[in-house]
Amino acid sequence: MYSMLIADDEKVIRESIMECVDWAGRDIRIVGCCANGLEALETIFDESPDIILTDIKMPGLSGLELIERIQQIDRGTEMIIISGFREFEFAKKAMEYGVRRYLLKPVDEEQLIDAVEDAKRCCQQNRLARQEAGEREQLRRQMEQYNRKMFLYDLFLPGKRLEETVKEYEQHIGIKSGSYHLCSCTGPRPGNMAAYNTRLCRELEKRGVRLVADILYTRQSLVAVCAGEGPFCWEELPPVAEMGMQVESWDFPKEGLLDCMRKMEQCLAGCHRVTAVDEESRRYEVYDAGVSSERLQQFLDQLFPYLEQGGDQESERLIRAFFAAIDDLLILRTYAANFLSRLFSQYPSQSSAYLSGAFDEIYREQKPEKIIDILVNRTRRVVSDQDVHDDLIKQVKECVLENLSDSNLSLKQIAVEHVHVNVDYLSRLFVQKTGEKFSHYLNGLRVERAKALLLQEGSTVSSVAEQVGYGHNPRYFGQIFKKYAGMTPSAYLETAFGAHTKEIP
């Protein structure tokens, strides 16, 4: 439902507008009926109406002054003016303030309804735009959190080269201007790590400093990698100064993320446990000397064949047996996080929000048996979704084969008319599952079909072009054929039959 405020110094006008239309039946709720501009402004502050219906000349605050104030408060409010004045300057000024309709008194009921319905449509568009912007921002933050966590997990993953990790994540967490800054603060470990981390992050944010990865804590130090224009004066940060920490810091150019990470490795050398705290004050272990990567890899080598074969019961048995044998909660979480990281690498079809949520669940849960339940359920979900995705791509390929001669065939057409999913999602999934773009797959298939058709008696380049979906455009067909087959249709036939054995019309 949309809210509307009416402002007019004439009581009969206000009441007429209120009563002449069944506003509730049109999904409109009247939140105020005001006799002057000041009263209207107070109501606007309280009710934040979607639509404002106002006169121009009112005591206290004119309609134009009211509209000017509203634009300063909320530019998303839709405004309609009702006035007895035909003066051009009034209308011109109103339009400058974003007023969509300027109705003259006495107002025709149909005109009024039309103006309000138009305002409703604009409100709906504004709501959708705000919702989409909010969702985009939420997704961006989730992606950022996920990349920062996965970056740290992969940095400490045994057997993975530092250069590979930095190259893989630099496009997600890297900077285009400014510099990197690495800081190592040595001193007593804060008692409440989460609260301390929150204070530290706020101080950095005040100074325009962005964390490249979540802050790392060891028994005797904290290590942070951040980015910005500088200067970076960690000694002046209250959380650092109050703890009496000794500060060492290094600056690196925007191309120097790899060197920065090498230095960070040196700072953490010899540490038996490294804990990270994210921007929402959640702790997670990124390294524990008690965790054996070889042991985890042996477990995964056992597990993955059962997952591929759909052996749900045996997969669950293996997961529960492996993790139930780990007594220490922190080590269990570290193993669990590493397991999920490897699992999602093997089955990369889930959204970043889903992956980030999985890690959050593990680090929130206090009971080992519940953590194991999370792992079982997440594994089952990932693998079952994989089956759904495989079936979806199978449907796409079948649709292509059935409609290869359709010159209008496109992934969008298949997405909308056949498999009923979002085309952007289907495009990403197709590349992920097949290793090639849909257009490349389609053209490749058409060229292979064309090769067979060209060899048939009586065929022509024009007729074959039409049969494989290139319509009445043999020239374009020839260009595509040469690109994918490495030769023109004529050259292909000469190769197949020998020179001059078949004329190409």
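- Classification of the F323-F339 ring pair by plane angle, with boundaries at 30° and 60°, yields perpendicular.
- Taking 4.5 Å as the limit, every side-chain heavy atom of E47 sits out of range of all side-chain heavy atoms of L5.
- K482 NZ: 12 or fewer foreign heavy atoms inside a 6.0 Å radius.
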**Request:** Determine, stepwise, if the pair E163 / K167 fulfils salt bridge (Lys or Arg N to Asp or Glu O under 4.0 Å).
**Result:** CA-CA 6 Å; E163 291 82 357; K167 184 178 179 180; over 6 Å; no
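- In terms of modelled atom types and a separation under 3.5 Å, the side chain of N403 and the main chain of D406 share no donor-acceptor contact.
- What you find for F430 and E436 is that their closest heavy atoms are CD2-O, 3.4 Å.
- No donor-acceptor contact under 3.5 angstrom links the side chains of N443 and R446, judged on distance only.
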**Request:** Using the side chain to side chain contact (heavy atoms under 4.5 Å, CB included) rule, take R101 and I82 through it: C-alpha gap first, then chi angles, then the decisive distance, then the call.
**Result:** CA-CA 8 Å; R101 294 293 188 96; I82 299 176; over 6 Å; no
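- Contact detail for S179 and F252: the closest heavy-atom pair is CB-O, 3.1 Å.
- For M18, the CE atom counts as loosely surrounded, since its 6.0 Å shell holds 12 or fewer non-hydrogen atoms of other residues, nucleotides or ligands.
- In this structure, the side chain of N377 engages the main chain of D373 through a donor-acceptor pair within 3.5 Å.
- When the shell of 6.0 Å around CZ of R449 is examined, it contains 12 or fewer heavy atoms from other residues, nucleotides or ligands.
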**Request:** Begin from the C-alpha positions of E316 and Y306 and carry the test side chain to side chain contact (heavy atoms under 4.5 Å, CB included) through to its verdict.
**Result:** CA-CA 10 Å; E316 180 175 343; Y306 287 107; over 6 Å; no
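- The shortest side-chain heavy-atom distance between I52 and I70 falls under the 4.5 Å cut-off.
- Y470 and F477 have tilted rings, their planes meeting at an angle from 30° to 60° on a 0 to 90° scale.
- Between the side chain of R333 and the backbone N or O of E365 there is at least one donor-acceptor pair closer than 3.5 Å.
- A donor-acceptor pair is defined here as one N or O able to donate and one able to accept, closer than 3.5 Å; no such pair exists between the side chain of K263 and the backbone of L258.
- Inter-residue side-chain proximity for I215 and V225 is flagged as unmet; no heavy-atom pair is nearer than 4.5 Å.
- No donor-acceptor pair under 3.5 Å is formed between the side chain of D118 and the backbone N or O of D114.
- Residue K412 qualifies as open at atom NZ: its count of foreign heavy atoms under 6.0 Å is 12 or below.
- Checking R282, K370, R378 one by one against E361, the salt bridge (charged side-chain N to carboxylate O under 4.0 Å, His left out) holds for a single residue, R378.
- Electrostatic pairing of K149 and D278 counts as a salt bridge here, judged by a charged N lying under 4.0 Å from a carboxylate O.
- Looking at S459, its side chain does come within 3.5 Å of a backbone N or O of L454 through a donor-acceptor pair.
- Among all heavy-atom pairs drawn from L112 and L103, the shortest one is CA-CD1, 4.1 Å.
- Residue-environment remark: CD (E117) exceeds the threshold of 12 foreign heavy atoms within 6.0 Å.
- Side-chain N or O atoms of D50 include none that pairs as donor or acceptor with a backbone N or O of Y2 at under 3.5 Å.
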**Message:** Assess the residue pair L401 and L445 against the criterion (side chain to side chain contact (heavy atoms under 4.5 Å, CB included)); give the C-alpha distance rounded to whole Å, side-chain angles, the decisive distance to 0.1 Å, and a yes or no.
**Reply:** CA-CA 8 Å; L401 288 172; L445 209 58; 3.7 Å; yes
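- When all heavy atoms are compared, the tightest approach of M261 to F151 is SD-CZ, 3.5 Å.
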**Request:** Apply the test side chain to side chain contact (heavy atoms under 4.5 Å, CB included) to residues L211 and R148: give CA-CA distance (whole Å), side-chain angles for both, the deciding distance (0.1 Å), then the verdict.
**Result:** CA-CA 9 Å; L211 285 169; R148 281 160 57 164; 4.0 Å; yes
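- Counting all heavy atoms, side chain and backbone alike, V31 lies closest to R29 at CG1-NH1, 3.2 Å.
- Side chain of W23 to backbone of M4: no donor-acceptor contact under 3.5 angstrom is found.
- L455 and Y492 get closest at one heavy-atom pair: CD1-OH, 3.7 Å.
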